[in-house]
Amino acid sequence: MRKEENCSLKEHNTFGIEAKARQFVEYDSVEELQAFIRERAARGDTSPLLHIGGGSNLLFLGDFKGTILHSRMHDIHVTADEGDNIYVRVSAGIVWDDWVQYAIDSLWYGLENLSLIPGEVGASAVQNIGAYGAEAKDFIVYVDTVDLQTGDVRHFTAEECCYGYRDSIFKHELRGRYAVTHVHFHLSHGFRPRIEYGGIRQALAERGFDETNLTAEQLRQTIIEIRRAKLPEPSELGNAGSFFTNPIVPRHTFERLSNEYSNIPHYEADSKRVKIPAGWMIEQCGWKGKTLGKAGVYEKQALVLVNRGGATGADIAALCKQIQADVKSKFGIAIVPEVNFIS
Ligand code: EPU
């Protein structure tokens with residue numbers, strides 16, 4: 001276990017915000033985490049606790065007056081191998097994209113479209129990360145956790161995680177209560193590429209890949225290139241990927257808007273609701289490529305807010321508020337941050 005007092009969080013959030021934590025604790029086993037929680041409880045310490053992954057979905061509004069926990073466990077373990085199905089238990093502290101690469105190298109398939117999503121495996125199970133027609137929940141069977149109040153281990157089935165679009169029980173009723181220590185994935189030995197999602201087919205053709213004879217590595221490389229063309233690299237420009245979720249609105253709201261904006265992009269959510277890309281609405285409001293103080297809207301994808309250098313959490317939050325107000329006034333739709341604000 002590694003403990004650091006008064007620790008800089010700059011390297012622990014992809015926005016690159018300068019903030020400090022009173023204490024930063026990295027643990028190397030479930031037992032170490034349990035011992036830490038139980039010892040704290042025995043001392044009656046009720047100061048704030050925050051478990052983080054890669055910090056790719058966090059906005060620190062100031063210094064954190066408590067303890068930040070982070071996993072240093074890095075094991076990948078096959079738990080069952082039956083016919084086409086392979087079940088793998090993966091430590092929460094592994095970088096998500098390292099896991100995707102490891103799976104493809106091991107000839108375990110399914111995760112290709114989720115290549116290059118920033119963050120760690122634990123956060124994938126909290127956030128239900130998704131891209132190019134795939135979501136983490138499609139592959140998660142169980143999530144192992146430790147209760148941050150008692151130190152007890154608890155296993156959640158995927159059903160108990162209540163997954164939805166960028167959503168799970170860990171973001172609502174159980175927010176902050178459990179630390180994810182391992183995620184159990186169900187992958188396949190057979191490669192079944194999903195290339196229907198807008199843009200993939202064309203990108204494969206542009207690269208000269210034959211879609212009837214595609215390899216998982218070719219699909220992964222194509223997804224990586226599509227992402228790199230649209231999304232900024234956090235090491236070059238601080239950002240947290242999509243800053244807002246795409247709102248899911250009643251069909252009558254969509255119909256009202258499509259009378260006015262015939263080209264409005266949208267996806268069917270269910271029979272009664274339609275998902276509208278927040279990035280499109282933000283662009284329509286004139287925000288794409290604009291800057292407010294030290295915070296800005298990325299020029300190639302308006303859903304991404306960026307740190308133009310030296311921004312504070314408050315700078316990013318001020319930009320967020322202004323964009324929300326403009327989208328509300330132009331479209332009558334409330335957009336909600338996907339990023340977690342930490343005060
Ligand atoms: N659009 C614009 N202007 C913009 C951005 C988007 O008009 O500045 C339009 C696009 O032309 C397209 C539609 O909005 O018609 C959707 O855009 P895109 O395919 O880029 O995806 P998105 O809805 O903006 C979502 C995810 C991304 C994921 C992509 C691709 C959310 C919150 N975001 O973005 O996830 O990579 O789809 O699957 O659902 C992330 O979570 O950090 C992330 C990057």
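When a ligand or atom number is given, it counts from 1 through the structure's own listing order. Starting from 1, each residue takes its place in the sequence as its number. Just so it is clear, the values below take in all heavy atoms, side chains as well, and ignore hydrogens, waters and symmetry mates.
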Salt bridge [X]-[Y], side-chain N to carboxylate O under 4.0 Å:
{"X": "E283", "Y": "K330", "result": "no"}
{"X": "E268", "Y": "R251", "result": "yes"}
{"X": "R201", "Y": "E211", "result": "yes"}
{"X": "D326", "Y": "K321", "result": "no"}
{"X": "R43", "Y": "D45", "result": "yes"}
{"X": "R89", "Y": "D144", "result": "yes"}
{"X": "R220", "Y": "D105", "result": "no"}
{"X": "R154", "Y": "D147", "result": "no"}

Check for me whether [X] has a heavy atom closer than 4.0 Å to any atom of ligand 1.
{"X": "Y165", "value": "yes"}
{"X": "Q284", "value": "no"}
{"X": "K300", "value": "no"}

For ligand 1, the portion of [X] having any non-hydrogen atom under 4.0 Å away:
{"X": "E338", "value": "side chain"}
{"X": "Q301", "value": "both"}
{"X": "Y267", "value": "side chain"}
{"X": "Y197", "value": "side chain"}

request  = Please indicate, with yes or no, if any protein heavy atom is found under 4.0 Å from atom 31 (C) of ligand 1?
outcome  = yes

ask   = Got a protein heavy atom sitting under 4.0 Å from atom 10 (C) of ligand 1?
value = no

Numbered atoms of ligand 1 (with element) below 4.0 Å of [X], judged on heavy atoms:
{"X": "L303", "value": "24 (O), 32 (C), 33 (N), 34 (O)"}
{"X": "F244", "value": "32 (C)"}
{"X": "G279", "value": "3 (N), 4 (C), 5 (C), 8 (O)"}
{"X": "R227", "value": "36 (O), 44 (C)"}
{"X": "G241", "value": "42 (O)"}
{"X": "K288", "value": "3 (N), 4 (C), 8 (O)"}

Can you figure out which of [options] has its heavy atom closest to [atom]?
{"atom": "atom 20 (O) of ligand 1", "options": "E135, E283, K230", "value": "K230"}
{"atom": "atom 13 (C) of ligand 1", "options": "P277, G119, A240", "value": "P277"}
{"atom": "atom 42 (O) of ligand 1", "options": "P265, A278, S242", "value": "S242"}

request  = May I ask you to check whether over 12 heavy atoms, not counting those of Y142, lie within 6.0 Å of atom OH?
outcome  = no

ask   = Looking only at N/O atoms, are N246 and ligand 1 under 3.5 Å apart anywhere?
value = yes

To the nearest 0.1 Å, how far is [atom] from its closest protein heavy atom, and which atom is that?
{"atom": "atom 8 (O) of ligand 1", "value": "A302 N, 2.8 Å"}
{"atom": "atom 1 (N) of ligand 1", "value": "W280 N, 3.8 Å"}
{"atom": "atom 35 (O) of ligand 1", "value": "R166 NH2, 2.9 Å"}
{"atom": "atom 38 (O) of ligand 1", "value": "Y132 N, 2.7 Å"}

ask   = With a distance cut-off below 6.0 Å to the six-membered ring centre and an angular limit of 45° from the axis, does K3 pair with F24 as a cation-pi contact?
value = no

task = Would you check if the distance from the ring center of Y27 to the ring center of H51 is below 6.0 Å?
result = yes

request  = Check the angle between the aromatic planes of F331 and W280 and answer parallel, tilted or perpendicular using the 30° and 60° thresholds.
outcome  = tilted

message = Does the plane of the ring in F185 sit parallel, tilted or perpendicular to the ring in W99? Use 30° and 60° as the thresholds.
response = tilted

request  = Indicate yes or no for a side-chain donor-acceptor contact from H266 to the backbone of I264 under 3.5 Å, with no hydrogens or angles considered.
outcome  = yes

